[in-house]
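Below is one structure, written out as structure tokens, with a few remarks after it.
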Amino acid sequence: MFASLIHPRVLTALALLVAGAGLSITAWQGPESAMLVPRIVLTIWCVMALAILVGELIRHAPRQPKASPRVARSPLPLLMAAVLVAAVATASLGFLIPALPLVALTLWLFRIRRPLPLVLGTILIGGGLWFLFHHVLMIRLPALLTSGLV
Amino acid sequence: MDVILAAVGDAFTWQALLAIVIGTWAGIIIGGLPGLGSVVGLTIFLPFTFGMDVITSMALLIGVYCGSVYGGSITAILINTPGTPQSAATTFDGYPMTQQGRVDEALGWATFASFFGGVLSCVLLIFCAPQLAKFAVNFGSIEVFALVCLAMLCIVGISRGSLLKGLVCGMMGFFFSTVGSDPITGADRFTFGTYALSSGLDLIPVVVGAFALSEVFVRFSARDEEATTIPEARLRFPSLREIGRRLIELVRGSFIGSFVGALPGTGAAAAAFISYAAAQKLSPRRANLGKGEPDGIIASESSNNAVTGSAFIPTLALGIPGDVVTAMMMGAMVIHGITPGVRLMADQAQTVYALFVVLIIVNVAMLILSKPSIGLFRYLFKLPLGFVMGGIVMFSFIGAVSVRGNPLDLVVAALTGILAYVLRRGGYPLAPLIIGMVLGPALESSLRRGLLISRGDFLSFFTHSGIATTLFVLIGLFLVWTVAAGILDWRAKIADRRQPAESGARSATTQEGRP
């Protein structure tokens, strides 16, 4: 029973149920008129998530899931964290400064590790696209300086 | 007539024609790169459109959309890997033809069938959308509520994966649309004290995260797969005599695609398989299907490209997108000041007709650009995956943040990307999430207005008008059909499980009986 509880599909269903239940509490505490539709939506969400969770548990998930060891060994969480950190940092550092290391890390993780292609790729994809949109097409991306230069 | 002539003038500007050429060519290439597809293509090109006028921007996006649907067939034929799910049925006969050394013929038929299906569906769009829009004027709040409920159910029911998982994703998308200020009372909902959330979540960052960023994560976890060797790609268009011999197949596939595309939630992949199934029953050369018969390619390609035009019928006339691609196109239209829905044909007829003309030009451009694009594929497959993925990350970030210039949208895109990756791994379909987010505001406002009209009596919704009653009956029938299909499927699975167990027990008994 415990083995099936830690299966990724069961955990996903459980997380959806917990998230739905948590949001439902907020919805029931809010004003009635504004929260009418969210309450209905979140109730359906919770009922469906509960049904999925029961279904996943009944299905007797395998003890050694195929996907999880590979995901656990892979640096995918590093890429996800880098994307999230770059997204958060954009508000304070502007677009270019977080984007350059993110592009470099993406290239490196996708096995572009020779210095010249890595540096050129980072400059062209990261810096080049930023320059194209921010300075040529004048689509203003978040900037570090108030002048909008960087 | 004056409106149509003015619309033709709008579509034939040099900016719009250049946008069509660039969009279509890029769409063919993006669609041909396995795993990328129409949504990633639109994500990449959306930021370019912000500085353009309405027609030029929509020309670019329509070019990418139609080009990517066709582009998927190239890799389906060359390496048995459909570039997009819409082209999966093309592999059945396309790849056997390549193995037989008939790659030029296969690509020729795929190109011509795509062009034929695309143009025929544009003609249908020109005739049907205005008629549907005239009828849609009769829709009030309660009818819109019933229609959106029916569309949502269809999309959830038909999308891949389980119905329950589709519903959860639909509700999640619907919930995303409720974040921010309440449109009627102005009260904050789910903002958790964050001022930036008061304006709500924008559709584009969610789409970017759900499809483009999650694709990078999925490709990253499968990056060890070996590259495939590509045969030399050539293209030979069929002669008029050959077209005449297979005209019925071309027309049938195009009509099936046009019809299926107009239904919410079905999309080009479903159309291609339905059309292929029809060819298996009706084609005079059906015995050869699956062994390298052009009729199979015609069935798949004419129908999947016919969807590109007809999918705009419910999107433009009713404001109900049929799939993620049309939902994204609808989001792009809203950004450029076009609000699809029942008033669109009356208020902005010239713009709508210009879009129809653009669709026809895109299909002609696709036919012309197919030859130079196909030659590029040998070189494109040698491009390291890292550069493609790095580019997608960068375009995703630019696309997410440039819609409103709000850095919070980047965080939303990143979080949605991680969430979408987890959901994809768990077998949850993502299309209902996006459609739920698009249809959410219409569903909520129509429900609340309907409740005001009926003084809080929800039961009177069912008898409000003939249209509403019909739509609610259809919802009921759809629910009954879904539950019945689910029970039958469940019983079939139980029977399948019992059969091997029983046969195993029988063989064990037989073995025991032997000396």
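Quantities reported herein were computed from a predicted structural model and do not represent experimental measurements. Throughout, protein chains are lettered first and strands after them, A, B, ... in sequence-line order, and every chain is numbered starting at 1.
- Using modelled atom types, one side-chain atom of Arg189(B) and one backbone atom of Thr178(B) make a donor-acceptor pair closer than 3.5 Å.
- Only the side chain of Phe192(B) comes within less than 4.5 Å of a heavy atom in chain A; its backbone stays farther off.
- Leu144(A) and Ser92(A) make their closest contact through CD1-O, 3.6 Å (heavy atoms, listed as atom of the first residue, atom of the second, distance).
- The residue among Val216(B), Ile398(B), Asp409(B) with the most heavy atom pairs within less than 4.5 Å of chain A is Ile398(B).
- In this structure, chain B has heavy atoms under 4.5 Å from both the backbone and the side chain of Ala27(A).
- Side-chain atoms of His135(A) do not come within 3.5 Å of backbone N or O of Trp130(A) as any donor-acceptor pair.
- Heavy atoms closer than 4.5 Å to chain B are found in the side chain of Ile112(A), but not in its backbone.
- Contact tally against chain B (heavy-atom pairs below 4.5 Å) for Val41(A), Leu16(A), Leu124(A): the top residue is Val41(A).
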Next item on the list: Starting from the C-alpha separation in whole Å, work towards a yes-or-no answer on side chain to side chain contact (heavy atoms under 4.5 Å, CB included) for Phe95(A) and His134(A).
Entry: CA-CA 10 Å; Phe95(A) 190 86; His134(A) 194 70; over 6 Å; no
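- Taken from CH2 in Trp45(A) to SG in Cys169(B), the straight-line distance is 9.5 Å, to the nearest 0.5 Å.
- Under the 3.5 Å distance criterion, with hydrogens and angles disregarded, a donor-acceptor pair is assigned to the side chains of Arg425(B) and Ser221(B).
- Only the side chain of Val103(A) comes within contact range of chain B, with at least one heavy atom under 4.5 Å from a heavy atom of that chain.
- Of the residues considered (Val47(A), Leu137(A), Leu129(A), Ile44(A)), Leu129(A) shows the highest number of contacts with chain B, using heavy-atom pairs under 4.5 Å.
- Taken from CG in Leu430(B) to CZ in Phe211(B), the straight-line distance is 5.0 Å, to the nearest 0.5 Å.
- Top candidate by heavy-atom pairs under 4.5 Å with chain A, chosen from Phe395(B), Phe50(B), Phe174(B), Phe387(B), is Phe387(B).
- Proximity to chain B (any heavy atom under 4.5 Å) is shown, for Ala104(A), by neither the backbone nor the side chain.
- When heavy atoms are compared at a cutoff of 4.5 Å, Ala13(A) approaches chain B by way of both its backbone and its side chain.
- Only the side chain of Leu213(B) comes within less than 4.5 Å of a heavy atom in chain A; its backbone stays farther off.
- Taking Thr26(A), Leu109(A), Leu79(A) one by one and counting their heavy-atom pairs under 4.5 Å with chain B, the maximum is reached by Leu109(A).
- Contacts with chain B were tallied for Leu42(A), Thr90(A), Ile40(A), Thr122(A); Leu42(A) has the most, counting heavy-atom pairs under 4.5 Å.
- A centroid separation of less than 6.0 Å is found between the aromatic rings of Phe45(B) and Phe48(B).
- Per-residue counts of heavy-atom pairs under 4.5 Å with chain B were compared for Ala19(A), Gly30(A), Ser33(A); the largest is that of Ser33(A).
- When heavy atoms are compared at a cutoff of 4.5 Å, Leu164(B) approaches chain A by way of both its backbone and its side chain.
- Options Ala414(B), Gly440(B), Gly417(B) differ in how many heavy-atom pairs under 4.5 Å they form with chain A, and the most are formed by Ala414(B).
- The shortest heavy-atom contact between Ala420(B) and Gly209(B) is CB-O, 4.4 Å.
- For Val401(B), the part lying near chain A is the side chain, with the backbone staying farther off; criterion is any non-hydrogen pair under 4.5 Å.
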Notebook entry, point to check: When you look at Val206(B) and Met437(B), which way does the side chain to side chain contact (heavy atoms under 4.5 Å, CB included) test go after all the steps?
Noted result: CA-CA 9 Å; Val206(B) 175; Met437(B) 199 172 167; 3.7 Å; yes
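- With chain B as partner, the option from Met80(A), Arg140(A), Met48(A) having the largest number of non-hydrogen pairs under 4.5 angstrom is Met80(A).
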Notebook entry, point to check: Passes side chain to side chain contact (heavy atoms under 4.5 Å, CB included), Phe190(B) versus Met35(A)? Steps please.
Noted result: CA-CA 10 Å; Phe190(B) 309 106; Met35(A) 288 294 185; 3.9 Å; yes
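- A distance of 9.5 Å separates CG of Leu118(A) from CG of Leu116(A), quoted to the nearest 0.5 Å.
- Only the side chain of Leu451(B) comes within contact range of chain A, with at least one heavy atom under 4.5 Å from a heavy atom of that chain.
- Heavy atoms closer than 4.5 Å to chain B are found nowhere in Trp108(A), neither backbone nor side chain.
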